[in-house]
Amino acid sequence: MKKLLIALFIIVSGGLVLSNQNVQAKTKLAPWSQEQTSENAESKPTELKLNAEHEVYYKYSGFHYAAQKKMWKKAIANWNRLGVVKIVPDRHDNKAMTINLHVDSPQDNDKGDLSETYSQDVDGLTVNQFNNQNHSVTCYLTGGTFFNSPRINAQIATHELGHALGFAHDSRKLHNRYFIMHADSIHSHEYGLGSYEKRTLQHYYSDQL
């Protein structure tokens with residue numbers, strides 16, 4: 001069985017970005033990604049801009065039929081169930097960040113698809129781009145997901161949305177529950193969301209809640 005590799009990939013444009021996966025031991029929070037805009041600037045937690053209703057937006061791109069939209073909607077429902085940050089369709093009002101949800105075509109050759117370098121190795125990838133004060137994020141599901149079950153694809157999509165929200169990889173487990181941000185194969189384990197992820201979102205988005 002192919003081992004699933006899921007990555008948080010950060011592209012830099014106009015600055016330096018670091019990914020920090022150190023565990024926040026004293027507060028018992030999930031590892032969070034950090035971004036640094038220059039070598040001299042202090043790194044700060046990566047978070048998305050929310051509107052006054054604590055919402056972040058999403059839109060689709062790439063190869064989307066009903067099955068692909070269904071797995072994204074399942075992933076969105078998983079995070080929305082925590083009741084902290086709400087992920088909703090793009091309102092086109094520029095009041096919140098918009099997450100681009102992209103599915104590569106099965107041939108991985110459509111405009112906007114990942115290169116074969118990535119699509120052959122991973123089922124999902126999240127790309128953050130920082131350019132001065134501008135921040136954009138795209139969650140990719142590669143052509144390999146067309147060979148997975150709907151349950152596995154929903155877990156992959158949930159994992160990638162976690163990266164978009166700011167979570168880094170977390171390879172621990174608690175009371176036999178694997179965290180959705182676990183970096184190992186989602187083909188082998190059931191993953192879930194709970195108070196651990198909710199508490200982490202509340203902490204890192206506290207200035208916008």
R199 vs K28, side chain to side chain contact (heavy atoms under 4.5 Å, CB included): CA-CA, chis, key distance, verdict: CA-CA 9 Å; R199 182 170 61 247; K28 297 182 179 179; 4.3 Å; yes

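- For V84 against Q202, the heavy-atom pair with the smallest separation is CG2-CG, 3.8 Å.
- Without hydrogens or angle criteria, Q208 side chain to L48 main chain gives a donor-acceptor distance under 3.5 Å.
- Residues forming a side chain to side chain contact (heavy atoms under 4.5 Å, CB included) with P45 (at least two apart in sequence, or on another chain): W32, Q34, Y204.
- Remark: K95 pairs with N51, Y57, D93 by the side chain to side chain contact (heavy atoms under 4.5 Å, CB included) rule, at least two apart or across chains.
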V127/V137 under side chain to side chain contact (heavy atoms under 4.5 Å, CB included): CA gap, chis, key distance, verdict: CA-CA 6 Å; V127 176; V137 59; over 6 Å; no

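- Between M181 and E197, the closest side-chain pair of non-hydrogen atoms is not below 4.5 Å.
- Atom CD1 of residue I152 and atom CD of residue Q155 lie 7.0 Å apart, to the nearest 0.5 angstrom.
- We find the CG-CD distance between N153 and Q68 to be 8.0 Å, quoted to the nearest 0.5 Å.
- Within the 4.5 Å cutoff, side-chain heavy atoms of V85 are placed close to those of L165.
- With 3.5 Å as the limit, one finds a donor-acceptor pair spanning the side chains of H102 and S61.
- The shortest side-chain heavy-atom distance between V56 and I99 falls under the 4.5 Å cut-off.
- Remark: N94 pairs with no residue by the side chain to side chain contact (heavy atoms under 4.5 Å, CB included) rule, at least two apart or across chains.
- Heavy-atom minimum distance, L82 versus L193: CD2-CB, 4.3 Å.
- Of all the heavy atoms in Y191 and F179, the pair that sits closest is CD2-O, 2.7 Å.
- Applying the salt bridge (charged side-chain N to carboxylate O under 4.0 Å, His left out) test to E47 and every residue at least two apart in sequence or in another chain returns nothing.
- Taken from NZ in K74 to CG in L161, the straight-line distance is 13.0 Å, to the nearest 0.5 Å.
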Stepwise side chain to side chain contact (heavy atoms under 4.5 Å, CB included) check, W72 with L141: CA-CA 10 Å; W72 281 123; L141 296 182; 3.5 Å; yes

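- Taking S206 as the reference, nothing meets the side chain to side chain contact (heavy atoms under 4.5 Å, CB included) condition, with sequence neighbours excluded.
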Test log, rule ring pair (Phe, Tyr, Trp, His ring centres under 6.0 Å), inputs H182 and H159: CA-CA 8 Å; H182 202 287; H159 178 107; 9.1 Å; no

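- In this structure, C139 and E160 approach most closely via the heavy-atom pair SG-O, 3.4 Å.
- To the nearest 0.5 Å, the span separating NE2 on H135 from OG1 on T46 amounts to 6.0 Å.
- Between Y58 and T98 there is no side-chain heavy-atom pair separated by less than 4.5 Å.
- Between the side chains of N100 and Y60, not a single donor N or O lies within less than 3.5 Å of an accepting N or O.
- Taking CD1 of I87 as the start and CG of N80 as the end, the distance is 5.0 Å to the nearest 0.5 Å.
- With a 4.5 Å cut-off on side-chain heavy atoms, I156 and M71 do not count as touching.
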Worked check of side chain to side chain contact (heavy atoms under 4.5 Å, CB included) between L50 and Y205: CA-CA 9 Å; L50 309 181; Y205 283 91; 3.7 Å; yes

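- Evaluation of the salt bridge (charged side-chain N to carboxylate O under 4.0 Å, His left out) rule for R91 yields E55 as partners, not counting sequence neighbours.
- For the pair D170 and P31, the tightest heavy-atom approach, listed with the atom from each and the gap, is OD2-CD, 3.3 Å.
- Rounded to the nearest 0.5 angstrom, N78 CG and I180 CD1 are separated by 7.0 Å.
- When the side chains of ILVMFWY residues are joined at heavy-atom separations under 4.5 Å, either directly or via intervening members, I76 and V88 end up in two distinct hydrophobic clusters.
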